[in-house]
Amino acid sequence: MKKFISIFLCIAILCSLCSCSFSLTEATFTMGVLEGAKSLDPLESQSEIERIISTNCFEGLLRFDSNGKINLAGATAYTIEKNGLSYIFKLNPDAKWYISKEIAVTLESLGLTEFEESITAEDYVFGFERFKQLHPQKVSKVKNVAAVDSHTLEITLSQIDHELLYKLAALPIYPCDEEFYTSAGRVYATTPETVLSNGAYYIEQSSPAETIIKRNPHHNGNIQILNKHIVLYTTGVKENLAERFKDGSYNLLVADTRETV
């Protein structure tokens, strides 16, 4: 359970960014972090900034709300069979990948000229397969994940897992387009132009000095967004991080120590 605590803290940050603003007149929210993002692939997220990017720019079936309760996200409804071994999720039929001009150029360079922007159950199946390959022990009770149709997903268990819904909300089990992932190969998620996101925000730019995520104008989910821009500044030194928070340069800081300044 301890492994989930850090993930939940990042989910809580997501809720605060999406559901409130320190000043309703400010469109930009600034945050200080100790190190920049090394990867934009949510499955490789390890540092705090990478988890913040993951939970803000990618969306799975479920999420936590600001009170820590499980809420719908990419799924619009779900049912559980009486035996507790089968979960059926109805997906948002209006959900789409965020395609910027730069990503459109990437798609063209990869030969994906007729790329389908809609997110389907097959994307969730492939996303789950990727996660299971990297973290098999975390979903060891999952027997099969299948697309019943374009917007219906079924998860079948080998034995009852009372924490399954919690895991779907806490872990980075996100949809992933197999054709794009395969075509991109080694450059996948190395830059904002080589990754497809479906969250409330998209990655505008990312460098060792700062990462900027912006509100996704094409997001059709059920979460309210107030901050248009979130700037994650890489400070690198804990003392400087705290100082810039105190003088108002940052709205929030994230440090490994979890100290309150």
Side-chain angles (χ1 to χ4, degrees), residues 6-42 45-60 63-69 71 73 98 100 102-103 169-170 172 174 189 191-193 195 197-261:
S6 178
I7 296 174
F8 181 76
L9 289 173
C10 290
I11 300 290
I13 292 173
L14 164 66
C15 293
S16 68
L17 296 181
C18 293
S19 61
C20 68
S21 173
F22 279 75
S23 172
L24 295 179
T25 62
E26 293 181 0
T28 301
F29 186 96
T30 61
M31 184 184 303
V33 295
L34 287 175
E35 59 180 311
K38 297 178 181 178
S39 174
L40 301 179
D41 186 344
S45 59
Q46 297 182 8
S47 65
E48 297 294 0
I49 186 173
E50 290 170 347
R51 287 176 178 145
I52 291 169
I53 293 170
S54 172
T55 54
N56 281 275
C57 300
F58 298 87
E59 183 173 76
R63 72 164 66 90
F64 291 109
D65 64 18
S66 57
N67 297 314
K69 295 182 179 180
N71 200 357
Y98 175 76
S100 64
E102 294 77 12
I103 293 176
Y174 304 130
T191 65
E193 297 78 32
V195 64
S197 62
N198 67 323
Y201 290 85
Y202 70 91
I203 310 164
E204 183 186 55
Q205 68 179 65
S206 183
S207 69
E210 67 178 23
T211 294
I212 299 176
I213 61 177
K214 290 188 175 182
R215 181 166 56 185
N216 181 358
H218 306 304
H219 183 254
N220 295 309
N222 59 3
I223 194 167
Q224 182 181 7
I225 303 300
L226 295 179
N227 297 106
K228 294 181 179 179
H229 301 71
I230 300 175
V231 183
L232 305 168
Y233 289 110
T234 306
T235 302
V237 180
K238 179 183 173 183
E239 289 73 20
N240 292 344
L241 197 69
E243 182 179 349
R244 293 177 187 177
F245 175 74
K246 288 179 180 179
D247 68 19
S249 297
Y250 299 154
N251 295 121
L252 185 70
L253 64 82
V254 181
D256 292 338
T257 57
R258 310 277 193 256
E259 292 179 357
T260 301
V261 180

Query raised in the report: In Å, rounded to the nearest 0.5 Å, how long is the span from CD of Glu48 to CZ of Arg51?
Result: 6.0 Å
Query raised in the report: Is there a side-chain contact between Tyr174 and Ser54, using heavy atoms and a 4.5 Å cut-off?
Result: yes
Query raised in the report: Can you name the closest pair of heavy atoms from Thr55 and Ile52 and give their distance?
Result: OG1-O, 3.3 Å
Report task. Please name the pair of heavy atoms, one in Asn198 and one in Phe58, separated by the smallest distance, quoted to 0.1 Å. Result -> OD1-CA, 3.4 Å
Requested in this report: Please check if any side-chain donor atom of Asp41 sits under 3.5 Å from a side-chain acceptor atom of Ser39, or the reverse.
Outcome: no
Report task. Locate the shortest heavy-atom distance separating Asn222 from Asn71; write the atom from each residue and the value. Result -> ND2-OD1, 4.5 Å
Query raised in the report: So, for Lys38 and Glu50, which heavy atoms are closest and what is the spacing to 0.1 Å?
Result: N-OE2, 2.8 Å
Requested in this report: Compare all side-chain heavy atoms of Pro192 with those of Tyr202 and state whether any distance is below 4.5 angstrom.
Outcome: no
Report task. Sequence neighbours left out, what passes salt bridge (charged side-chain N to carboxylate O under 4.0 Å, His left out) with Glu204? Give chain and number order. Result -> Lys214
Query raised in the report: To the nearest 0.5 Å, how far apart are OH in Tyr201 and NE2 in His219?
Result: 11.0 Å
Requested in this report: Kindly indicate whether the side chain of Glu210, heavy atoms from C-beta on, has any atom under 4.5 Å from the side chain of Thr30.
Outcome: no
Query raised in the report: Is a side-chain donor-acceptor pair under 3.5 Å present for Tyr233 with Ser249?
Result: no
Query - Gap separating the OG1 atom of Thr28 from the CD1 atom of Ile230, nearest 0.5 angstrom - result: 9.5 Å
Report task. Kindly compute the distance separating CD (Glu193) from CD (Gln205), expressed to the nearest 0.5 Å. Result -> 10.0 Å
Report summary line: Thr235 and Leu241 have their tightest heavy-atom pair at OG1-CD1, 3.4 Å
Requested in this report: Would you give the length of the straight line joining atom OG of Ser206 to atom CD1 of Ile53, rounded to the nearest 0.5 angstrom?
Outcome: 5.0 Å
Query raised in the report: Who pairs with Ser197 by side chain to side chain donor-acceptor pair (under 3.5 Å), at least two apart in sequence or on another chain?
Result: none
Query raised in the report: Taking atom CD1 of Ile212 and atom NE2 of His229, what is their separation to the nearest 0.5 Å?
Result: 7.5 Å
Requested in this report: Could you pull out the closest heavy-atom pair between Leu232 and Ile49, with the gap in Å?
Outcome: CD1-CG1, 3.7 Å
Query raised in the report: Heavy-atom distance under 4.5 Å between the side chains of Glu102 and Thr191, does that happen here?
Result: no
Report task. Check whether any side-chain N or O of Arg215 sits under 3.5 Å from a backbone N or O of Ala200 as a donor-acceptor pair, and report yes or no. Result -> no
